[in-house]
There are 2 protein chains.
Amino acid sequence: MKLEHPHQLILDNVSRFVDLTELEKQKYLSLLTAIKVKKKAFLMQAGEIAKYEYFITKGCLKVYTLDEDGAPHISMFAVEDYWTGDMASFITKEPSRYFIKATEDSELLGISRLNYDLLFQEIPKFERFYRILYQKSLINYIRRSNHGISLTAEERYIEFKKKYPKIVNRITQKDLAGYIGITPEFMSKIITKVNRM
Amino acid sequence: MKLEHPHQLILDNVSRFVDLTELEKQKYLSLLTAIKVKKKAFLMQAGEIAKYEYFITKGCLKVYTLDEDGAPHISMFAVEDYWTGDMASFITKEPSRYFIKATEDSELLGISRLNYDLLFQEIPKFERFYRILYQKSLINYIRRSNHGISLTAEERYIEFKKKYPKIVNRITQKDLAGYIGITPEFMSKIITKVNRM
DNA sequence: TAAAAGTCTTAAACTAGTTCATTTTTTTTC
DNA sequence: GAAAAAAAATGAACTAGTTTAAGACTTTTA
């Protein structure tokens, strides 16, 4: 079977953890919805209930909340081959506190809550896929939340550059500040300083 | 079948997400190891490879790293009915950077890496159990890592007290400071101030 | 139950990061 | 491709949290 790029990409992603038969692959793809968003468009806004979990096949998006003062706090950047969404809202069906906004024209595959539940009934192998996917994400988050608290902003910036060299060049300094957890002004100072070294 | 308290506690924990038959329960319990640690004793030290994941049936433990300056950063407190360990090291078999130390005489049930892998072969239902367990932990960590970055230390303390009222009274102020991410001196100031309000 | 070890409090001097205000540079839009 | 909008740089005054040091209080241990 000849597949277009987005479908091939998501099947490769899934096959890192589980092996699917041809039939299962077809069944799986039939449960996904293709979605396009233009740069600056919202995939989701705070107050809504997260309808989908997304796999990015092209582009770049940012996931963020606004605090009481209206300052954005970015929790992740998602690019090709990443999963994103607001899992808390997706699972609990409570309103989200997050915005998801495309920072480039982007293409995604979404799985709805209904199809997500169906997926486990129809192809139990996906329990294993998600078990391993969540395990890996958890390991990442634990690392990050401990790092976040023990490093200075400058160290966090250097780590980010090392860990995500491709993402740094695709986002604005302002958004990076929102991710690192500092003001854009201080971000600017750090970058000037680090480049001087 | 009459079970002692620790076994009943862990089966109740598992049955929140999956239903096990009597046979599966017995099989599961046979894969666990009962462990006791005295107050101040280490369950694990940095440099070791995490041999077990632990379920606490009695007591309280802290999980922490030391930064370059030797200052402790506590990533979690684990009490009755909690799971703990260093998942990154347990899964990757790389040396851990964490210490796990009992802050009270404690009793745990451990599952070894060998038995963890065996568990999924013998009782595939556990893929589902861990899928849901990791999903919930992930939701918690995401919340915490965003909170951590956007709140002041005083706000983080107030949140902690609200979320874990029973744990606050079981740990020292110094350890709480290590969790909140501030010095014990500043923790002392915050507590004095908050109590005055 | 006395001594030792660890925890908590207080305070003064310090630093990483913020706030606010202005100018320059880059990107977007029509 | 000019005008408007957004992002980045710079600097001065400010604040949340650190550091160091010393004394009071509690818990552990022999």
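Nothing here was measured: the structure is a model prediction, and the numbers come from that model. Throughout, protein chains are lettered first and strands after them, A, B, ... in sequence-line order, and every chain is numbered starting at 1.
The CE-C1' distance, from A:Met187 to D:dT10, rounds to 16 Å in whole Å. Taking atom CG of A:Asn195 as the reference point, atom P of D:dT10 lies 11 Å away to the nearest angstrom. Spacing between atom CG of B:Leu151 and atom C1' of C:dT18 amounts to 16 Å, rounded to whole angstrom units. Regarding A:Ile182, its CD1 atom lies at a distance of 13 Å from the C1' atom of D:dA8, rounded to whole Å. Here the C1' atom of nucleotide C:dG17 and the OH atom of A:Tyr157 are 17 Å apart, to the nearest Å. Per the geometry, CZ belonging to B:Arg170 stands 18 Å off P belonging to C:dT7, to the nearest Å. Between B:Lys193 atom NZ and D:dT15 atom P the separation is 13 Å, expressed in whole Å. The interatomic distance linking A:Ile180 (CD1) with D:dA8 (P) rounds to 14 Å, in whole Å.
Residues passing the ring pair (Phe, Tyr, Trp, His ring centres under 6.0 Å) test with B:Tyr141: none are found, sequence neighbours excluded. Listed by chain and number, the residues in a side chain to side chain contact (heavy atoms under 4.5 Å, CB included) with B:Asp67 are B:Asp69, B:Ala71, B:His73 (sequence neighbours excluded). Judged as a salt bridge (Lys or Arg N to Asp or Glu O under 4.0 Å), and not counting sequence neighbours, the contacts of A:Arg170 are A:Glu80, A:Glu104.
The terminal axes of the helix from C:dT1-D:dA30 to C:dC30-D:dG1, fitted over 5 pairs per end, subtend an angle of 70° to the nearest 10°.
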Q: For nucleotides 19-30 of chain D, just jot down a letter per nucleotide in 5' to 3' order: B, S or -, based on protein non-hydrogen atoms under 4.0 Å.
A: BB-------S--

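Side chain of A:Ser188, nearest nucleotide from C:dC8, D:dG17, D:dT10: D:dT10.
When only modelled atom types and interatomic distance are considered, B:Asp117 and B:Gln121 share no side-chain donor-acceptor pair under 3.5 Å. Side-chain N/O atoms of B:Asn169 and B:Lys161 include no donor and acceptor closer than 3.5 Å. Side-chain atoms of A:Ser188 and A:Glu185 form no donor-acceptor pair, as typed in the model, at a separation below 3.5 Å.
Toward the 5' end of DNA chain C, the nearer of the two residues A:Ile190 and B:Lys174, judged by each one's closest nucleotide, is B:Lys174.
Between A:Tyr82 and A:Phe55, the gap from one ring centroid to the other reaches at least 6.0 Å.
Looking at heavy atoms from C-beta onward, B:Tyr116 lies in side-chain contact with B:Tyr130 at the 4.5 angstrom threshold.
The phosphate of C:dT9 has OP1 or OP2 within less than 4.0 Å of a side-chain N or O from B:Gln173.
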Output a table of donor-acceptor pairs, distance under 3.5 Å, between side-chain atoms of residues 30-52 of chain B and any protein atom two or more places apart or on a different chain; print 'none' if there are none.
residue	atom	partner	partner atom	Å
B:Ser30	OG	B:Lys27	O	2.6
B:Glu48	OE1	B:Gln45	N	3.4

